[in-house]
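Only one structure is covered here, and it is reproduced in the block below.
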Protein chains: 2
Amino acid sequence: MSVTIHQVAAEAGVSPSTVSNVLNGRSERMLPQTRERVEEAIARLGYRPNGPARQLRTGRSQVLGLVVPSVANPFWGTFARHLEAAALQAGYRVLLCNSERDPTRERDYLEELWADGIRGVVLCSSLPSLEHVLPLVQRRLTLIAFDRTAQAGDPASLVNISVDNAVGAELATRHLLHLGHRRIAFVSGSLRSVNRRARYRGFEAALEEFGLTAEDTPVWSGAADHDYGDLDFPDLGRTAARELLATGRPPTAIVAINDMCALGIIAGARDAGLQVGTDLSVVGFDDIVLADLASPPLTTIRQPLPAMADAAFAHLRAGVEHAGSTPNGGSLLLRPELVVRSSTGPAPRT
Amino acid sequence: MSVTIHQVAAEAGVSPSTVSNVLNGRSERMLPQTRERVEEAIARLGYRPNGPARQLRTGRSQVLGLVVPSVANPFWGTFARHLEAAALQAGYRVLLCNSERDPTRERDYLEELWADGIRGVVLCSSLPSLEHVLPLVQRRLTLIAFDRTAQAGDPASLVNISVDNAVGAELATRHLLHLGHRRIAFVSGSLRSVNRRARYRGFEAALEEFGLTAEDTPVWSGAADHDYGDLDFPDLGRTAARELLATGRPPTAIVAINDMCALGIIAGARDAGLQVGTDLSVVGFDDIVLADLASPPLTTIRQPLPAMADAAFAHLRAGVEHAGSTPNGGSLLLRPELVVRSSTGPAPRT
DNA sequence: CTAGTTTGGTGCATCGTTGCAATGGTGCAA
DNA sequence: TTGCACCATTGCAACGATGCACCAAACTAG
């Protein structure tokens with residue numbers, strides 16, 4: 001079907017071994033003219049080495065895995081694009097998988113990827129426990145956990161990359177406090193995931209600095225038993241807004257677990273006839289593409305996605321290419337940045 | 001490293017061939033108890049067949065390719081998720097690639113995918129000419145062109161899947177006309193791509209039905225020489241809104257080339273102090289996740305993405321699995337649907 | 001002039017799976 | 001008893017690339 005290394009060898013009048021040497025950059029052990037002949041033959045025949053054969057022989061693969069909750073969420077889509085760009089530059093490709101935040105799917109995907117010879121994966125899971133993928137790590141899969149920080153039960157070699165969620169939430173909350181807000185709500189899905197808990201901690205920390213207690217901070221985290229999927233965030237925000245604003249003493253500001261949720265909250269506030277930015281302030285998290293297109297444009301916490309993607313790829317590559325040494329695990333927390341737009345404003349006077 | 005078919009064979013006390021027969025469903029030619037023993041051994045050892053080896057031997061691959069302009073665009077992210085779901089159900093995986101609408105990258109990716117043994121790809125290109133990927137099709141790559149309709153120069157076997165863009169744009173424009181608008185603008189990036197042109201034709205057709213001429217329809221299509229990327233749509237819309245609204249006789253309604261662009265237009269209108277839905281009506285195209293979160297929620301044309309993804313996968317699979325027969329190409333145009341929300345309203349009285 | 005070294009290139013076994021051709025054992029008809 | 005068909009099972013040669021071990025020729029040193 002396709003042209004093989006043997007045909008190239010025949011065309012160039014050398015052995016397949018020599019062609020292989022050319023392909024793998026071992027050109028110091030042949031005459032320059034030989035090398036040239038081979039390269040011409042390759043070009044003439046339009047030869048490309050067969051990936052599967054190569055991989056079977058070497059055990060190495062030029063494909064990396066990326067497991068995200070859902071690419072339908074623009075945050076993950078953007079991250080995927082950055083990671084792909086970093087990988088491409090180094091000659092790797094990225095196989096993208098949607099887990100829908102389902103541990104079983106996460107495990108199944110990793111198993112499939114492993115069976116396909118993929119030895120490095122970025123897992124965007126944020127589940128507190130990673131025990132469902134432990135067997136893979138033991139088989140020496142290089143695993144980078146993205147959007148998550150190290151937990152006690154983690155395998156020693158696990159590298160975690162994440163934004164500093166606590167700092168981010170603290171920045172967001174402080175911003176509201178400086179604007180004079182004193183009754184601030186926190187809206188999230190279930191607080192099961194690591195980063196959502198970290199954001200909540202940051203929120204609390206900021207309140208404490210200002211001497212506020214839990215009494216002033218309604219937390220809305222959905223039906224406890226139901227874990228909201230990535231596409232439910234807007235609905236969740238909308239519902240939360242409706243319910244919070246209907247209470248006797250509604251908050252004047254809301255910290256949302258992410259931008260999708262914040263957009264939902266804005267929609268909910270609009271439903272209730274409130275003007276976001278004056279009657280109610282809303283802060284998001286992530287700074288997705290659409291954050292500054294919202295009406296009003298969303299004040300939010302920006303994750304440094306390009307830097308995070310670069311870091312993830314660098315660690316992945318190091319793990320895959322130096323398979324011998326077990327890398328030392330830990331957490332890499334990048335600093336987020338507050339982006340002030342118009343969804344936040346001074347607290348309304350009571 | 002991993003457990004092989006030989007180890008399973010040893011464990012079950014049979015030959016590798018028998019294990020292979022079990023794996024490939026040729027169970028009618030062995031004793032039920034043999035089959036059972038093999039299956040137990042497989043389970044006990046946690047064996048999974050090695051993908052690359054299998055692929056090298058059979059030439060078949062369980063991976064399909066998907067090339068999209070950019071997953072950072074939620075429209076493509078959503079499509080990717082639907083296609084992945086369809087593929088997964090049939091035991092296929094999907095390798096996702098971002099082309100950034102660059103023909104060279106499209107071709108390079110297809111070459112890479114081919115070299116990796118991938119024989120079926122969905123290409124979301126919408127470029128009028130597909131000659132840059134012709135060599136691949138000649139090598140019998142099964143190619144589905146998504147978001148594009150057949151062109152004269154296409155290879156005979158090419159299957160195109162798309163929403164009916166002309167009908168969609170016509171639905172959108174008629175909706176505005178029925179609301180009383182008579183001065184309607186069309187905002188797009190360069191009209192180089194097939195589907196953008198189709199949408200423009202639909203727009204024109206609707207105007208003609210109402211006896212309107214080009215005079216009443218400012219078209220804004222950006223700097224002609226510069227092709228806007230997928231993430232520039234919002235900026236494009238914003239700029240277009242600013243410029244159109246600053247003219248002496250501004251339009252009362254705008255048909256946007258897609259939702260991202262429409263969101264930009266809404267932002268631009270807000271910048272200009274206009275109330276979208278009353279002062280200015282805006283219709284989008286695609287119905288991305290965030291369309292009904294916008295302020296105001298966006299009236300738009302919904303693409304039946306799940307059905308389109310299913311169709312794309314079905315054709316892909318047919319092409320890959322029956323490699324012998326050359327399928328008959330053509331275009332499949334699915335019907336879009338008008339979704340009325342609040343970004344459109346009666347034309348303001350002059 | 002020979003023994004040793006370097007240089008440039010090749011032969012071959014191998015990766016894990018597959019599927020055809022072949023095996024030997026059994027049962028049945030002639 | 002022999003010939004034949006049939007059965008479950010197995011041996012073996014691929015698929016395409018790799019890289020070690022090897023080799024022949026050319027060169028160097030003593």
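In what follows, chains are A, B, ... by sequence order, proteins preceding strands, each numbered from 1.
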Check DNA chain D against residues 15-23 of chain B and give the residues with a non-hydrogen atom under 4.0 Å, in numerical order. B:S15, B:S17, B:T18, B:N21

Between side-chain atoms of residues 11-18 of chain A and protein atoms elsewhere (two or more places apart, or another chain), which donor-acceptor pairs fall under 3.5 Å?
from, atom 1, to, atom 2, distance (Å)
A:E11, OE2, A:R44, NE, 2.8
A:E11, OE2, A:R44, NH2, 3.2
A:S15, OG, A:S17, N, 3.3
A:S15, OG, A:T18, N, 3.4
A:S15, OG, A:T18, OG1, 3.4

Should we count CD of A:E131 as having more than 12 external heavy atoms under 6.0 Å? no

Starting at atom CD of B:E36, determine the distance to atom C1' of D:dA8, rounded to an integer number of angstrom. 16 Å

Name of the residue among B:L158, B:V159, B:N160 meeting side-chain contact (heavy atoms from CB on, under 4.5 Å) with B:L143: B:L158

How would you label the contact of A:L56 with the nucleic acid (heavy atoms, under 4.0 Å): base, sugar-phosphate, or nothing? base

Quick one: which residue pairs count as a side chain to side chain donor-acceptor pair (under 3.5 Å) with a foot in residues 82-95 of chain A, not counting sequence neighbours? A:E84-B:N98, A:E84-B:Y109, A:Y92-A:E321, A:R93-B:E112, A:R93-B:D116

Taking CZ from B:R37 and C1' from D:dA8, how many angstroms apart are they, rounded to a whole number? 12 Å

Does B:R60 place a side-chain N or O at less than 4.0 Å from the phosphate oxygens OP1/OP2 of C:dG19? yes

DNA chain C contacts made by residues 43-51 of chain A, counting heavy atoms under 4.0 Å: none

Sidechain-backbone polar pair: A:E106 side chain, A:V133 backbone, donor-acceptor under 3.5 Å: no

Between P of C:dT10 and CD1 of A:I5, the distance in whole Å: 12 Å

Within the pair A:R26 and D:dG19, is there a side-chain N or O less than 4.0 Å away from OP1 or OP2? yes

Expressed in angstrom and rounded to an integer, what is the separation of B:M30 atom CE from C:dG25 atom P? 21 Å

More than 12 heavy atoms from other groups under 6.0 Å of CZ on A:R60: no

Name the orientation class of the two ring planes belonging to A:W76 and A:F146 (parallel below 30°, tilted from 30 to 60°, perpendicular beyond 60°). perpendicular

Take the protein atom CG of B:L31 and the nucleotide atom C1' of C:dG25, then report the distance between them rounded to whole Å. 13 Å

Spacing between B:E28 atom CD and C:dG19 atom C1', to the nearest angstrom: 13 Å

All side chain to side chain donor-acceptor pair (under 3.5 Å) counterparts of A:S162, not counting sequence neighbours: A:N165

How would you list, by chain and number, every residue that makes a salt bridge (Lys or Arg N to Asp or Glu O under 4.0 Å) with B:E39, sequence neighbours excluded? B:R35

Tell me which of B:G13 and A:P52 sits closer to the 5' end of DNA chain D, going by the nucleotide each one is nearest to. B:G13

Can you check the B:H6 NE2 to D:dG11 C1' distance for me, whole Å? 11 Å

May I have the distance from B:Q33 (atom CD) to D:dT9 (atom C1'), rounded to whole angstrom? 13 Å

Which of the following nucleotides, D:dG19, C:dT10, D:dA17, is nearest to the side chain of A:T58? D:dG19

